[in-house]
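Just below is one structure, and these are the notes that go with it.
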Protein chains: 2
Amino acid sequence: MSDRPLNATAASLLGFLHEGPLTGWDLVATAQGRIGNFWSLTQSQVYRELTAMAEAGLVAAGERGPRDRRPYAITAAGRAAFASWAEREPGPESIRFPLLLTLAFGRHLPPGRLAAIVGRHRAAHAARLAGYERTRTAIETAGMGDDPYAQATLEFGVGYERAVLAWFDRLPPAIRGAGEWPDGAAAE
Amino acid sequence: MSDRPLNATAASLLGFLHEGPLTGWDLVATAQGRIGNFWSLTQSQVYRELTAMAEAGLVAAGERGPRDRRPYAITAAGRAAFASWAEREPGPESIRFPLLLTLAFGRHLPPGRLAAIVGRHRAAHAARLAGYERTRTAIETAGMGDDPYAQATLEFGVGYERAVLAWFDRLPPAIRGAGEWPDGAAAE
DNA sequence: TGGTACATGTAACATGTTACATGATTAG
DNA sequence: CTAATCATGTAACATGTTACATGTACCA
């Protein structure tokens, strides 16, 4: 039952458990859907955190169900730990963008190769933006603009992907290749 | 002399060493200046990678100089390893944004507290944007728009920070607090 | 009845972070 | 002479990733 502050990944699991008991599997799915956009975690990690938090008394494992499903419930200590995590000043974000590294050392690549890479990544970002915008309009039309917090994080995703696409489109032709990607999914 | 592919951090060190021998200290400073914007590394890590790469024959440690400075030079094997790293498809970027986590669980915080946090982070981003724009105009006015790759990564930083600020400014008042930050450094 | 999705978990390793120990050099 | 900065490095630990092993239940 160590008392060092929670890490953000563990804290977010506790956050989801406020809504009721969930299994490791459920937590992975929930996290990917709700915070996967700006916080990644693996299944392995989730099980590890759950085990550790159970040991620390922050969550309590329930009875194994049908498929060996083992639900975890947050405890009073878990709520307290979560609350004190939430009070802390969030740290600065970190972005790790391998494409930008490759680009930064672009001098060391044949130009066509770089352009091809850049093109593929642009397409991937366009697809992600499209996905975000679909869920966004789905929320609006369904009239369920209920959770302003979820909406704010989604808006971040949209804004981010738009900015990235706009950046791609302003890359000098020498880098991104001649008249590639005839467009169709640009910003705004 | 393991042959598993380089990790991106090690690869970027090799990238810098193409320009000549550098010490661990120099590499930390160089990396922070040139890729620190989208790739973070710590001093400890740099020394560890250098040691490992020296063992693997990718770099060669030189004589210790004045302050025990020990320059590392890239070897032929190092160049080859770097080249094959550069050929690989860069992985997807990962963003870890603690503020968004806190925001996603905003329901669990007193509103004033959240607004205060948000306000401080907005200010930090405004400051970073200002920094980027200073270096950007410095490059332009100095007439040294030489390295298009460095410029492209800088442009990413500018675009990113502007998008983040615009996002802050579109947050619902309930989240960001009433009429805070009278503004002055908004986008465009 | 066979494949897919569900579900849990471990092991091994890679990467990243924090804290500390040690000392040289330089600037004031 | 002394404080700040430069410089290297280690130790301990936290976090993240990949690969694998095992089996269950659902659905076509």
Side-chain angles (χ1 to χ4, degrees), chain A residues 2-13 21-33 35-36 38-56 59 61-72 81 85 91-98 101, chain B residues 2-13 21-33 35-36 38-56 59 61-72 81 85 91-98 101:
Chain A
S2 105
D3 55 355
R4 28 191 320 288
L6 283 181
N7 67 57
T9 296
S12 65
L13 299 182
L22 291 169
T23 67
W25 186 266
D26 295 336
L27 280 166
V28 171
T30 304
Q32 253 146 30
I35 59 174
F38 49 85
W39 200 268
S40 70
L41 34 67
T42 61
Q43 172 249 48
S44 236
Q45 229 184 125
V46 168
Y47 286 111
R48 181 162 61 189
E49 297 292 352
L50 283 175
T51 306
M53 289 196 293
E55 246 167 63
V59 297
E63 289 303 299
R64 283 180 186 278
R67 253 170 222 239
D68 252 22
R69 290 173 62 85
R70 186 207 285 265
Y72 286 85
W85 170 81
E93 86 266 34
S94 71
I95 301 187
R96 312 200 112 218
F97 208 149
L101 271 189
Chain B
S2 107
D3 55 355
R4 29 189 320 288
L6 282 181
N7 67 57
T9 297
S12 67
L13 299 181
L22 292 169
T23 67
W25 186 267
D26 295 336
L27 280 166
V28 171
T30 304
Q32 253 147 28
I35 60 175
F38 49 86
W39 200 267
S40 69
L41 35 66
T42 60
Q43 172 249 48
S44 239
Q45 231 184 124
V46 168
Y47 286 111
R48 181 163 60 190
E49 296 293 351
L50 284 174
T51 307
M53 290 197 292
E55 246 167 63
V59 296
E63 290 303 300
R64 284 179 184 279
R67 250 171 224 242
D68 251 21
R69 291 174 62 85
R70 187 207 285 265
Y72 286 85
W85 170 80
E93 86 264 36
S94 71
I95 302 187
R96 314 200 110 220
F97 207 149
L101 272 189

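Source: prediction; values computed, not measured. Sequence lines set the chain letters: A, B, ... in the order given, protein chains first and strands last, and positions in each chain run from 1.
Of the inter-residue distances, the one linking Phe38(A) atom CZ with Ile95(A) atom CD1 reads 13.5 Å to the nearest 0.5 angstrom.
Residue Thr9(A) has a polar side-chain atom (N or O) positioned under 4.0 Å from OP1 or OP2 of dG16(D). The phosphate of dA14(C) (OP1 or OP2) has no side-chain N or O of Asn7(B) nearer than 4.0 angstrom. For the OP1/OP2 pair of dT8(D) and a distance below 4.0 Å, the side-chain nitrogens and oxygens of Thr23(B) include at least one atom meeting the criterion. Distances shown here put a side-chain N or O of Tyr47(A) below 4.0 Å from the OP1 or OP2 atom of dT8(C). Residue Gln45(A) places at least one side-chain N or O closer than 4.0 Å to OP1 or OP2 of dG16(D).
Of the two residues contacting DNA chain D, namely Asp26(B) and Arg96(B), the nearest-nucleotide position lying further toward the 5' end is that of Asp26(B).
A donor-acceptor pair is defined here as one N or O able to donate and one able to accept, closer than 3.5 Å; no such pair exists between the side chain of Arg70(B) and the backbone of Thr23(B).
Listed nucleotides: dT18(C), dT8(D), dA19(D). Nearest to the side chain of Ser44(A): dA19(D). Side-chain atoms of Arg70(B) lie closest to dG9(D) of the nucleotides dT8(C), dA7(D), dG9(D). For Gln43(A), whose side chain is taken as the heavy atoms from C-beta onward, the closest listed nucleotide among dT17(C), dG9(C), dT18(D) is dG9(C). Distance from the side chain of Trp25(B) is smallest for dC6(D) among the nucleotides dC6(D), dG9(D), dT8(C).
Residue Glu49(B) contributes atom CD, which lies 15 Å from atom C1' of dG9(D) at whole-angstrom precision. One can place CD of Glu55(B) at 13 Å from P of dG9(D), the figure rounded to the nearest angstrom. Separating the CZ atom of Arg48(B) from the P atom of dT18(C) is a distance of 13 Å, rounded to the nearest angstrom. The distance from atom CG of Leu27(A) to atom P of dG9(C) is 12 Å, rounded to the nearest whole Å. One can place OH of Tyr72(A) at 8 Å from P of dT8(C), the figure rounded to the nearest angstrom. Here the P atom of nucleotide dT17(D) and the CG atom of Leu41(A) are 9 Å apart, to the nearest Å. Atom CG of Leu101(B) is separated from atom P of dT15(D) by 14 Å (rounded to the nearest Å).
Shown here are the side-chain hydrogen bond (donor to acceptor under 3.5 Å, both in side chains) partners of Trp25(A), two or more places apart in sequence or in another chain: there are none. Not counting sequence neighbours, the partners of Thr9(A) by the side-chain hydrogen bond (donor to acceptor under 3.5 Å, both in side chains) test are Trp39(A).
Considering every non-hydrogen atom in both Gln43(A) and Val28(A), the closest pair reads CA-CG2, 3.8 Å.
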